[in-house]
Amino acid sequence: MSTLVIVESPTKARTIRNFLPSNYRVEASMGHVRDLPSSAEEIPEAVKGEKWAQLGVNVEADFEPLYVIPKDKKKIVKELKDALKDATELILATDEDREGESISWHLLQILKPKVPIKRMVFHEITREAIRDALTHCRDIDNRVVQAQETRRILDRLVGYTLSPLLWKKIAWGLSAGRVQSVAVRLLVCRERERRAFRQGSYWDLKATLTPPKPPAKGQAGAFEAKLVTVGNVKVANGSDFDENTGGIIAGRRVLLLNEDQARALLARIQNKPWTVGNIEERPVTRKPSPPFTTSTLQQEANRKLRLGARETMRIAQSLYERGFITYMRTDSVHLSEQAITAARSCVQELYGSEYLSPQPRKYTTKSKGAQEAHEAIRPAGSTFRTPQQTGLSGVDFRLYDLIWKRTVASQMADARQTHVTLLTLVEDAGFRSSGKRIDFAGFLRAYVEGSDDPDAALEDQEVILPTLKVGDKPNCKDLEAVGHETQPPARYTEASLVKMLESEGVGRPSTYASIIGTIVDRGYAKLITNALIPTFTAFAVTTLLETHFPDLVDTGFTSRMEQTLDEIATGEAKWLPYLDKFYRGETGLQTQVKEQESQIDAKVARTVVLENISAKVCIGKYGAYLEAESEDGPVKASIPQDLTPADLDPEQVEFLLKQKTEGPEQLGLHPETGEPIFVLIGSYGPYVQLGEITETNKKPKRSSLPKGTDKDTMTLEMAVSLLTLPRLLGTHPDTGAKVQAALGMYGPYVVHDQGKVGKDYRSIKPPDDVLTIMLDRALELLSQPKAVRGSKSATPLKELGAHPESGELLNVYDGRYGPYVKHGDINASLAKDESVENFTLQKALDLLAAKEASGGGKSSSKSKKSTKTAAKSETATEKTAAKKTAAKKTTTAAKKTTVKKAATATATKKKTT
């Protein structure tokens, strides 16, 4: 008697296999095995002539979805069917959330098993959890499946109905999405606020005071005091300014000091006596934050570890599938009794009983749509391994450490603090000093939000003031006038955008990572120094949707839509009437698009209106450009791709238009050739050019400016140096091939160019300089192990050590088809029954040698390319799919490209909204 267990991924399958009896066979479905058509090629011949076929949903037949098995899943489905032939029982063990339920349902529809079927769910992959889940199997929850299918259909209707409209009116290839478009609008609205912001300035005084008597050893000494009142009138600070005018908010009774007034006040009180006028101490109790949900984990990982939402979820999924943490897609802050006991044991053992909360803390989720059947994200098991006991490294270790600390801290005692406010007077001026004393650290011993090191954070949090009493006369050690300028509203980071979407009830937290990834991948925003900055395309699309489809980008409307979808899952609402009203009703999406399409002027839709910019900003086939009128007619100038609406000011507009009408700005003449050197701005940013474009010199030598270099600071000497790139540094002593230093799209680099043999690159990082680096240093860089391609997202499952011959570090990575080890161009997969934890360096060397002997290097390279393509297409949204369907109407070549893209779709399809 054998039992077939189906899960989503090979990693999950391998981990579960260790906890099941020997007669259980565990296979992976590689995510979804069935979906709506992603290209015209996937539409079955029987329905290709139907009007609704390209939509993939028959809206005339109760919104019946057209499900197909993608080409890259047919082999997997066949393998699963073959495995089922030998089984006497089928257990569907996909994830316990809505999408997992949907995957199990689709597997059931495809496999059509004739053996008994069970649905097994668990929130952690440990021996106890899996054994317990085996004894508590259930049926597939059809209401949850229906809610998930409604979401899928709804997203398809929105994406496939609006995206083609955007192609016609703005630019080809744009996309709209039920949650994506709302998120983009949030970014655009914030950027509009920043552009409308008017800066205000104000001055105040800052004093450094010391106690009347020298402090004893270990006691606080000098402290700061800030001017807050003059003549009992509050001195203006940043909160008193109107962001739209740059002046004081109407009705505020405050004293606004300019520089002259501040300095005059300083001179008046410079040598006057200071007196302590009031001391106020206020006890404060802080409670620990609840354990992580999907949303709060993404936010905190972004703040503390600088990880993007997508990267956070990728690492968390890997930790879950390897049995380190509980399920990572959850809205719940609930902890099981087992988890509470484990966390409290950690506190008792590591910090002592005084740091344990008097009673177990039980957290409840306030969100209506939360799935309380889930737990919060926590370390797996009935006892929690400390981060040091896991054997993890790199970002895996750091994320587990974050989850462990947050969970343990949730069962710790309150932190007790005392906030101290000290008011000192000099003449009619009042100064305030603020202090904070930690009386009992409590949970802060383990976890401080926004800090990697709790002990260091505790020191940073304390601001100790000296022991003073009313009437004491401190000494003024220093007094200075300080100028301030108000700042515009902060841009969204990934963390703050996730927080806003969740607080507004827009979308599901489990989809935020893919949504933010899509926004960046599709060119709606640029991620610069952790800030999400919307592009000109985002402005144009948002304006069109706000004007003609306001409900679809309204947070309230989208939130209500999400609530209805949750009600479908609980049986409180019916899915068919809701879909029919949303799409075909009097004010339904289909009706709105038909009515609005003729009213949308494409020229207007492609124009972005920005304050203080006289020229028009338009969206063209090759990106954004400026258009202005001149005596000789319209003038058009491309806007550099890395320039966002936030950075475009009147001076830059003038420069770009002037460059177009009068020619580029000349820096001077080249000292050797006598040719003029120009500085220009192109589609990819500023660059220098040697000579003019002529019939005999159609491609003059050019060189981009290094990242961060302002064109206004460019000198003739710097330009001449840049035009020497690529620099020949010499020849490699081992090969005799040339070694060069150059500047590329991703920054400066050195290259060992062996012609047909290939090129070996290494990045040049500060303090090395592409213009001054010498051969010896270049050879040193080239001798260092090359980072794994895509290493930003390829976190090793295990570090094995250095290869004895090449010195390259060998690691085990989690690939599309399971774990593998990599050396150079060779990727060798681990055997199905091989444990990553027990995999050694010697085993890796043997495996790689066997793969190389069988000629596996070349094929593994192809595999790597395929995997990379799959990963790239993993974030594909409705827009991509819609584009593929539309490709049927284009050339045969375009159709072939579309089919190729469809064939490389990822095995583990993420949730898209």
Side-chain angles (χ1 to χ4, degrees), residues 31 38-39 155 158-160 162-163 166-167 170-188 191 298 302 306-315 317 491-495 497-498 501 507 510-542 619 622-624 641-642 644 683-684 745-746 789-794 816 865 867-884 886-887 897-898 900-902 904-913:
S38 61
S39 71
D155 291 338
V158 173
Y160 271 48
L162 284 179
S163 296
L166 297 179
W167 304 344
I170 299 178
W172 171 262
L174 297 180
S175 67
R178 183 172 60 89
V179 178
Q180 171 194 314
S181 297
V182 177
V184 171
R185 180 174 179 255
L186 288 172
L187 300 182
V188 170
E191 207 61 41
Q298 290 173 8
N302 186 248
R306 285 292 181 263
L307 292 175
R310 192 158 45 178
E311 179 76 347
T312 297
M313 294 310 293
R314 190 194 63 76
I315 298 166
Q317 179 150 349
R491 290 191 176 99
Y492 284 106
T493 61
E494 289 196 46
L497 181 60
V498 165
L501 289 171
S510 58
T511 65
Y512 293 158
S514 61
I515 288 164
I516 293 173
T518 299
I519 288 171
V520 175
D521 293 344
R522 299 284 173 238
Y524 287 113
K526 293 183 179 294
L527 187 59
I528 301 174
T529 60
N530 210 37
L532 288 162
I533 306 175
T535 61
F536 293 102
T537 302
F539 270 69
V541 169
T542 296
I619 307 299
Y622 302 106
Q641 291 185 8
D642 61 349
T644 63
S683 297
Y684 298 100
M745 188 175 182
Y746 301 105
R789 182 170 298 173
S791 59
K792 184 176 181 182
S793 60
R816 183 181 181 188
K865 184 176 180 182
T867 302
K868 185 176 179 183
T869 308
K872 188 174 182 181
S873 66
E874 185 173 32
T875 57
T877 59
E878 296 297 356
K879 165 258 169 183
T880 306
K883 187 194 293 186
K884 289 173 183 174
T897 303
T898 300
K900 183 179 178 182
K901 287 182 180 178
T904 56
T906 183
T908 307
K909 182 160 184 161
K910 290 188 178 179
K911 302 177 182 180
T912 56
T913 305

T511 OG1 to M313 CE distance, which is reported to the nearest 0.5 Å: 10.0 Å
Residue pair L187 / A525: nearest heavy atoms and the distance that separates them: CD1-CB, 3.8 Å
side-chain hydrogen bond (donor to acceptor under 3.5 Å, both in side chains) involving E191 - partner list, sequence neighbours excluded: R491
Nearest-0.5 Å distance, CG of residue L186 to OH of residue Y492: 5.0 Å
Any donor-acceptor pair under 3.5 Å from S163 side chain to Y160 backbone: no
Least distance between heavy atoms, N530 atom then R306 atom: ND2-NH1, 3.7 Å
Shortest non-hydrogen contact from R178 toward V182: O-CG2, 3.6 Å
Heavy-atom pair with the smallest gap, counting every atom of R185 and T542: CG-CG2, 3.7 Å
Test item: E494 and L527 side chains (from C-beta on) under 4.5 Å apart, heavy atoms: yes
N302 and V498, any side-chain heavy atoms less than 4.5 Å apart: no
Point-to-point distance, once rounded to the nearest 0.5 Å, from CG of L532 to CG of L497: 6.0 Å
Minimum heavy-atom distance between S181 and A176, given as atom pair plus value: OG-CA, 3.5 Å
From CG (D521) to CD1 (I516), nearest 0.5 Å: 11.5 Å
Closest contact, heavy atoms only, L166 versus S175: CD1-O, 3.7 Å
Spacing of OG1 belonging to T535 relative to CD1 belonging to I619, to within rounding of 0.5 Å: 7.0 Å
Under the side-chain hydrogen bond (donor to acceptor under 3.5 Å, both in side chains) test, residues paired with Y524 that sit two or more places apart: none
Interatomic spacing from CD1 in I533 to OG1 in T644 - rounded to 0.5 Å: 5.0 Å
Heavy-atom side-chain contact between V541 and V184 under 4.5 Å: no
